[in-house]
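The residues of the chain are indexed from 1 along the displayed sequence.
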Amino acid sequence: MKDFRYEEHFYEDADFPFFFHLDTAPPIRKEDYYHWQENVEILTCIENDCNVIINGTTHNIKKGDTIIIDPFCLHMVSRTQTVGRYYCLIVGKQHIRSMGLPADFRSGCITFRDEDICNLLDSLYNEFKEREICWKSVAKAHITDIVAKIFRRHIGIDKKELSAGNNQIVTMVINYLNKNLDRNFSIDELAKSLGFNKYYLCHCFSASTGESIVGYLKILRCNHAKKLLISGKYTVSEAAELSGFSSFSYFSKTYKSIFGHIPSTDRSH
């Protein structure tokens, strides 16, 4: 009877939660064991074939085949009569979540053939091997593209589920904006704080609200400033500063573009 072992993943770079290598399918040995982990594993055979045993079921993958090993699935790779080689890509669940996708992947451990994904994996292998300038940024872009293609072409996801997820993201963004109205912060800081990819976060927000995050923040800040001015307790400069505007001229210009009049008009009422 074979052992079962949990494989824990530690990343040297928290912003680069990936493992990738080219491996050779080993012969089955007595000391072999099944293992499992919390992250998704993507295997693509690039030479001959090999057997991937997942939860007791043997899947034979041939050159050009990709198989998805969902998180928490017991699995191992073994050799057939030929010596198979394969790419192994492990994607951290935090990166999957940052793309707005379910971290458990829910693929059902499917097998498919996709030439574009094979080509991306070849390019990814070269990036990991050569490690030229900005290699991590290029590799991360390749991995994001691979995961996106897998979901779009081979797994699919209920659009209602994504829509519900988008609404949750919008709520998280608005809560963050309201709590940080009085200070300067970047979209990068916002995205990192919420645990999402910056570009995905901006896309979800604009798709759901019809407004960019920056544009929405301007509206929130100006509305906050308007309340302060109407109270009569604050000068225009104080209202601007307390609402997160560091430039008085920019505040006046933005305020007028939203309300149609300069800030001092509301303070005089």
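Ser231 and Leu228 get closest at one heavy-atom pair: OG-O, 2.5 Å. For the pair Cys109 and Cys73, the tightest heavy-atom approach, listed with the atom from each and the gap, is SG-SG, 3.8 Å. Listed here is the closest heavy atom pair of Ala139 and Phe128: CB-CE1, 4.1 Å. Taking every heavy atom of both residues into account, Tyr86 and Cys50 meet most closely at CD2-SG, 4.3 Å. When all heavy atoms are compared, the tightest approach of Ile219 to Glu211 is CD1-OE1, 4.0 Å. For Asn48 against Gly84, the heavy-atom pair with the smallest separation is CB-CA, 4.1 Å.
At a threshold of 4.5 Å between non-hydrogen side-chain atoms, the residues Ser212 and Phe205 do not count as touching. Residues Glu47 and Thr24 have side chains not in contact (no heavy-atom distance under 4.5 Å, counting atoms from C-beta outward). At least one side-chain heavy atom of Leu181 sits less than 4.5 Å from a side-chain heavy atom of Leu220. Looking only at side-chain heavy atoms (C-beta outward), His59 and Ile54 come within less than 4.5 Å of each other. No side-chain heavy atom of Ile187 sits less than 4.5 Å from a side-chain heavy atom of Glu189. Counting heavy atoms from C-beta on, the side chains of Glu41 and Gln37 come closer than 4.5 Å. Side-chain contact check for Thr44 versus Ile61: every heavy-atom pair is 4.5 Å or farther apart. Using a 4.5 Å cut-off on side-chain heavy atoms (C-beta onward), Tyr255 and Leu229 make contact.
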Apply the test side chain to side chain contact (heavy atoms under 4.5 Å, CB included) to residues Ile67 and Ile110: give CA-CA distance (whole Å), side-chain angles for both, the deciding distance (0.1 Å), then the verdict.
-> CA-CA 6 Å; Ile67 188 167; Ile110 60 170; over 6 Å; no
Residues Val77, Leu43; criterion side chain to side chain contact (heavy atoms under 4.5 Å, CB included); working and verdict = CA-CA 10 Å; Val77 180; Leu43 301 183; 3.7 Å; yes
Begin from the C-alpha positions of Lys149 and Asp145 and carry the test salt bridge (charged side-chain N to carboxylate O under 4.0 Å, His left out) through to its verdict.
-> CA-CA 6 Å; Lys149 281 181 168 57; Asp145 198 7; 2.8 Å; yes
Apply side chain to side chain contact (heavy atoms under 4.5 Å, CB included) to Lys136 and Asp13, showing your working.
-> CA-CA 10 Å; Lys136 281 189 175 181; Asp13 182 351; 3.1 Å; yes
Steps toward side chain to side chain contact (heavy atoms under 4.5 Å, CB included) verdict (His142, Tyr125) = CA-CA 10 Å; His142 285 335; Tyr125 176 75; over 6 Å; no
For Asp15 and Lys140, what are the C-alpha separation, side-chain angles and deciding distance, and is it a salt bridge (charged side-chain N to carboxylate O under 4.0 Å, His left out)?
-> CA-CA 9 Å; Asp15 292 326; Lys140 191 172 186 177; 5.6 Å; no
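If you take OG1 on Thr82 and CG on Asp49, they are separated by 4.0 Å, rounding to the nearest 0.5 Å. Interatomic distance, His35 NE2 to Glu7 CD, rounded to the nearest 0.5 Å: 4.5 Å. To the nearest 0.5 angstrom, Leu101 atom CG is 8.5 Å from Ile155 atom CD1. To the nearest 0.5 angstrom, Arg131 atom CZ is 13.0 Å from Asn126 atom CG. With values rounded to the nearest 0.5 angstrom, Leu190 atom CG is found 8.5 Å from Asn180 atom CG. Note that NE2 of His154 is 4.5 Å distant from CZ of Phe112, once rounded to the nearest 0.5 Å.
Proximity of a side-chain donor or acceptor of Asp114 to a complementary backbone N or O of Ile117 within less than 3.5 Å is detected. At distances below 3.5 Å, not a single donor-acceptor pair connects side-chain atoms of Arg85 with backbone N or O atoms of Asp23. For Thr265 (side chain) and His261 (main-chain N/O), no donor-acceptor pair under 3.5 Å exists by modelled atom type. Between the side chain of Arg113 and the main chain of Lys63, a donor-acceptor pair closer than 3.5 Å is present. The backbone N or O of Ile174 sits less than 3.5 Å from a side-chain atom of Asn178, completing a donor-acceptor pair. The closest donor-acceptor contact from the side chain of Ser123 to the backbone of Asn119 lies under 3.5 Å. When atom types are taken as modelled, the side chain of Asn55 and the backbone of Leu74 share a donor-acceptor pair closer than 3.5 angstrom. A donor-acceptor distance shorter than 3.5 angstrom exists from the side chain of Asp65 to the backbone of Lys62, with no hydrogens or angles considered.
With 3.5 Å as the limit, one finds a donor-acceptor pair spanning the side chains of Asp122 and Tyr87. Counting only N and O atoms by type, the side chains of His95 and Thr144 include a donor and acceptor under 3.5 Å apart. Under 3.5 Å, the side chains of Asn60 and Thr80 contain no donor-acceptor pair of N or O atoms. A donor atom on one side chain and an acceptor atom on the other are found under 3.5 Å apart for His9 and Asn39.
Glu38 and Lys93 are joined by a salt bridge, as a carboxylate oxygen and a charged side-chain nitrogen come within less than 4.0 angstrom of each other.
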Could you go through residues 232-247 and list every donor-acceptor pair under 3.5 Å that involves a side-chain atom there, pairing it with any protein atom two or more places apart or in another chain?
{"residue": "Thr235", "atom": "OG1", "partner": "Glu238", "partner atom": "N", "Å": "3.1"}
{"residue": "Thr235", "atom": "OG1", "partner": "Glu238", "partner atom": "OE1", "Å": "3.4"}
{"residue": "Glu238", "atom": "OE1", "partner": "Thr235", "partner atom": "N", "Å": "2.9"}
{"residue": "Ser243", "atom": "OG", "partner": "His224", "partner atom": "ND1", "Å": "3.1"}
{"residue": "Ser243", "atom": "OG", "partner": "Ala225", "partner atom": "N", "Å": "3.3"}
{"residue": "Ser243", "atom": "OG", "partner": "Ala239", "partner atom": "O", "Å": "2.8"}
{"residue": "Ser247", "atom": "OG", "partner": "Ser249", "partner atom": "OG", "Å": "3.1"}
{"residue": "Ser247", "atom": "OG", "partner": "Tyr250", "partner atom": "N", "Å": "3.2"}

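Counting heavy atoms of neighbouring residues, nucleotides and ligands inside a 6.0 Å radius, atom CZ of Phe259 exceeds 12 of them. By the neighbour-count criterion of 12 heavy atoms within 6.0 Å, atom CZ of Phe20 is densely surrounded, having more than that number from other residues, nucleotides or ligands. For Lys256, the NZ atom sits in a loose shell: 12 or fewer heavy atoms of surrounding residues, nucleotides or ligands are nearer than 6.0 Å.
Val147 is connected to Phe16 through a chain of hydrophobic side-chain contacts under 4.5 Å among Ile, Leu, Val, Met, Phe, Trp and Tyr, so both are in one cluster. Both Leu194 and Val214 sit in one connected hydrophobic cluster of ILVMFWY residues. Membership requires side-chain heavy atoms under 4.5 Å apart, directly or through other members. Residue Phe18 is not grouped with residue Ile90 when hydrophobic side chains (ILVMFWY) are merged at heavy-atom distances under 4.5 angstrom, including chains of intermediate members. With hydrophobic clusters built from ILVMFWY side chains whose heavy atoms lie under 4.5 angstrom apart, Ile262 does not share a cluster with Ile230. No chain of hydrophobic side-chain contacts below 4.5 Å, direct or via other Ile, Leu, Val, Met, Phe, Trp or Tyr residues, connects Val138 to Met99.
In this structure, Tyr176 and Phe185 have perpendicular ring planes: the angle between them is above 60°, well past the 30° mark.
Applying the salt bridge (charged side-chain N to carboxylate O under 4.0 Å, His left out) definition to pairs two or more places apart or across chains, those involving residues 214-231 are Lys226-Asp266.
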